[in-house]
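Report on the following structure.
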Amino acid sequence: MRVVVVGQGYVGLPLAIRAARRGHRVVGLDTDARRVEDLKCGRSVVEDVTAAQLESVLREGTYRPATGAQAVPEFDVAVIAVPTPLRDGVPDLSHVIEAGRTVGRHLREGALVVLESTSYPGTTRTVLGPVLEEESGLRMGRQFALGFSPERIDPGNRSWTLETTPKLVSGVDAASLERTADFYAGLVERVVPVSRCEEAELAKLVENTFRAVNIALVNELAQVAHDTGLDVREALDAAATKPFGFLPFAPGPGIGGHCLPIDPVYLSWWAAQARNGRGSMLIDLAERINAARPAHVVDRVRSHLATQGRTLAGARVMLLGLAYKPGSGDLRESPALDVARLLQVEGAQVCAADPFVEPTAVGGLQLVSVTDEELAAADIVVVATDHDVFDYNRVAARAAFVLDCRGRLAGRAATAIVEQL
Ligand SMILES: NC(=O)c1ccc[n+]([C@@H]2O[C@H](COP(=O)([O-])OP(=O)(O)OC[C@H]3O[C@@H](n4cnc5c(N)ncnc54)[C@H](O)[C@@H]3O)[C@@H](O)[C@H]2O)c1
């Protein structure tokens, strides 16, 4: 089939390459001309697509990156995978609408359009559908099929990939659902039909909200345990031995990435719109607890310095890890960056070690290696992101004081004073 994938980022690029490898003729559209140039030269822009995979589909001519609305060829299937951020705390669907206009202008009778971007219930049917109808003059359901299939990609996860993770599929009517299911059945191992787009849209938000709320719970528990002199991680590990009815989550310096800080806000915002201002008290509270974590890290650093009669001004703080999750260089919404910024505001000299992060991506922050000298020179070392590549025994041996936000130094022999967040 002739497939157009609009948006060549973390979601759209792996999908486009997968479709090309499965024999479709794919055009990957993106408004970012530099990204398209990189892709044309075989430079992958996301870690889940290797340069070899990209080069192979480019060579075979089954994948063509392109920019500009003029580049849209005739298609049988168009997939939209563009950002759905927040603007001033409110869902911003401008990219989806813009992509919808581009697709709508080239939409032919009988084609299938699928939205993959995460959004609140009703987006596919009441936001994207009307844009496609207006631009094409065709009716959704009757003259073109329209579906929603949320992406569950976990960048960097080697076990659960696009192919192996069950894919939810839905449509604005039964025929659209069937068309959407058929398309994805050729790309992934298992599709899971959901009867309406609205429930599939809600399911995606629920998955990430579930994580965000549970992380907020353990983050608050960590504060309670600290204030009362208990070891929260030992308690959580003990609770996790229960073989049923419990799922483990770990406390940390806050939540990051594209999904967890954003998707719950979409859900609560939508609930408030749909119910006369009554959003979700639990989600809103979880957001507040998680958002306050970087400031809590800084409070703990400040408290330690106060025990030595010092303040943050002039103190040297070394952050281990800047990315929002281990094993990745992804800085999006990373709480470690908030910690760095808050420390700098109070006059601390902040340096950071993160072998996965491009130095150009972190302006205003000195990047260092984890050497004995750097560890010894720091007044405080904060383990913000627990990359496996860090030598935690060396950290425990060489640093003076470590605030361990990830529990990686627990149980290690240490000459450093180690506090768990
Ligand atoms: N990254 C993840 O881990 C992840 C996981 C699941 C779902 N999602 C969701 O998928 C959607 C896309 O996220 P992403 O992480 O791939 O974003 P991204 O920023 O990595 O990529 C989006 C791409 O879309 C392009 N773009 C924006 N507007 C466009 C337009 N009108 N036409 C063509 N291209 C356009 C941008 O230039 C960018 O390259 C979001 O709704 C996100 O919430 C992301």
Side-chain angles (χ1 to χ4, degrees), residues 4-18 27-40 43-49 65-72 75 78-87 91-106 113-120 123-124 127-128 131-132 135 148-157 160-162 165-168 188 200-201 203-209 211-212 255-267 323-325 327-334 361:
V4 168
V5 181
V6 187
Q8 292 295 278
Y10 284 86
V11 170
L13 182 61
L15 179 80
I17 303 305
R18 177 72 183 154
V27 171
L29 264 197
D30 205 292
T31 43
D32 181 341
R34 224 179 57 203
R35 174 162 290 201
V36 170
E37 266 323 295
D38 278 343
L39 292 171
K40 280 181 179 167
R43 285 190 293 272
S44 176
V45 291
V46 306
E47 43 196 322
D48 289 338
V49 172
T67 190
Q70 307 313 323
V72 186
F75 58 83
V79 179
I80 297 176
V82 295
T84 43
L86 293 169
R87 186 184 295 253
D92 171 9
L93 295 187
S94 58
H95 298 285
V96 171
I97 292 168
E98 192 48 45
R101 294 207 185 289
T102 303
V103 169
R105 281 195 287 275
H106 299 85
V113 181
V114 184
L115 180 65
E116 284 224 8
S117 300
T118 306
S119 189
Y120 54 81
T123 302
T124 308
V127 179
L128 178 61
V131 171
L132 294 168
E135 293 293 333
F148 175 73
S149 180
E151 183 49 72
R152 288 168 154 169
I153 211 158
D154 178 19
N157 191 327
W160 293 106
T161 62
L162 174 59
T165 307
K167 191 119 175 60
L168 301 184
V188 303
E201 289 161 332
K204 171 67 193 178
L205 295 181
V206 168
E207 290 166 14
N208 285 332
T209 301
R211 274 184 66 71
I255 52 175
H258 190 283
C259 295
L260 292 198
I262 294 168
D263 296 359
V265 183
Y266 265 67
L267 179 43
Y324 82 86
K325 66 175 182 179
S328 152
D330 196 337
L331 291 170
R332 292 179 301 171
E333 314 284 329
S334 177

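Every number for a ligand or one of its atoms is a count from 1 in the order of the listing. Sequence positions, counted from 1, serve as the residue numbers for this chain. Any value given below was found using the heavy atoms of this structure, including those in side chains, with hydrogens, waters and symmetry copies removed.
For the pair Leu39/Arg35, a side-chain contact is recorded, criterion being any heavy-atom separation below 4.5 Å from C-beta on. Between Val6 and Val82 there is a side-chain heavy-atom pair separated by less than 4.5 Å. Between Val103 and Val72 there is no side-chain heavy-atom pair separated by less than 4.5 Å. Between Tyr10 and Arg332 the shortest side-chain heavy-atom distance falls below 4.5 Å. Glu207 is listed as a side-chain neighbour of Leu168, based on a closest heavy-atom distance under 4.5 Å. The closest side-chain heavy-atom distance from Lys325 to Asp154 is below 4.5 Å. Within the 4.5 Å cutoff, the side chain of Arg101 has heavy atoms near those of the Val131 side chain. By the 4.5 Å heavy-atom criterion applied to side chains, Arg152 and Pro166 are counted as neighbours.
Summarising the geometry of Pro261 relative to Val265, their closest heavy-atom pair is O-CG2, 3.6 Å, with the distance given to 0.1 Å. Between Ile262 and His258, the shortest heavy-atom distance links the atoms CD1-O, 3.2 Å. Listed here is the closest heavy atom pair of Glu135 and Gly104: CB-C, 3.6 Å. Scanning all heavy atoms of the two residues, the minimum distance from Ala81 to Val11 falls at CB-CG1, 3.8 Å.
For ligand 1, the polar-atom distance check against Glu151 finds no nitrogen or oxygen pair separated by under 3.5 Å. At least one N or O atom of His258, backbone or side chain, sits closer than 3.5 Å to an N or O atom of ligand 1. The shortest N/O to N/O separation between Asp263 and ligand 1 does not fall below 3.5 Å. Not a single N or O atom of Glu116, backbone or side chain, sits closer than 3.5 Å to an N or O atom of ligand 1. An N or O contact shorter than 3.5 Å links Thr118 to ligand 1 by distance. Checked by distance only, ligand 1 and Asp30 come closer than 3.5 Å through their nitrogen or oxygen atoms.
Using a 4.0 Å cut-off to heavy atoms of Thr84, the atoms of ligand 1 that qualify are 40 (C), 41 (O), 43 (O). Near Arg35, the atoms of ligand 1 lying under 4.0 angstrom from a non-hydrogen atom of the residue are 21 (O), 38 (C), 39 (O). Close approach of ligand 1 to Ser117 (heavy-atom distance below 4.0 Å) involves ligand atoms 11 (C), 41 (O). With ligand atoms numbered from 1 in the order given, ligand 1 contributes 31 (N) to contacts under 4.0 Å with heavy atoms of Glu98. Ligand-side atoms of ligand 1 in range of Asp32: 37 (O), range being under 4.0 angstrom from any heavy atom. Counting the atoms of ligand 1 from 1 in the order shown, those under 4.0 Å from a heavy atom of Lys204 are 6 (C), 7 (C).
Considering only non-hydrogen atoms, atom 22 (C) of ligand 1 lies nearest to Pro83 out of Gly28, Gly257, Pro83. When Pro85, Gly7, Ala99 are checked for heavy-atom proximity to atom 24 (O) of ligand 1, Gly7 turns out nearest. Of the candidates Val11, Thr123, Thr67, Val45, Val11 brings a heavy atom nearest to atom 13 (O) of ligand 1. Across Val5, Val82, Val4, heavy-atom proximity to atom 12 (C) of ligand 1 is greatest for Val82. When the heavy atoms of Asp154, Asp48, Asn208, Thr31 are ranked by distance to atom 26 (N) of ligand 1, first place goes to Thr31.
When non-hydrogen atoms are compared, ligand 1 lies under 4.0 Å from the side chain of Cys259 (C-beta onward) but not from its backbone. When heavy-atom distances to ligand 1 are checked against a 4.0 Å cut-off, Arg332 comes that close only through its side chain, counted from C-beta outward.
Counting protein heavy atoms only, atom 33 (C) of ligand 1 is closest to Val6 CG1, 3.4 Å. Atom 21 (O) of ligand 1 has its closest protein heavy atom at Gly9 CA, 3.2 Å. At the shortest separation from atom 2 (C) of ligand 1 among protein heavy atoms lies Ile153 CG2, 4.0 Å. In this structure, the protein non-hydrogen atom closest to atom 28 (N) of ligand 1 is His95 ND1, 3.3 Å.
Considering CD of Glu201 and CG of Leu115, their distance stands at 7.0 Å, rounded to 0.5 Å.
The backbone N or O of Glu151 sits less than 3.5 Å from a side-chain atom of Lys204, completing a donor-acceptor pair.
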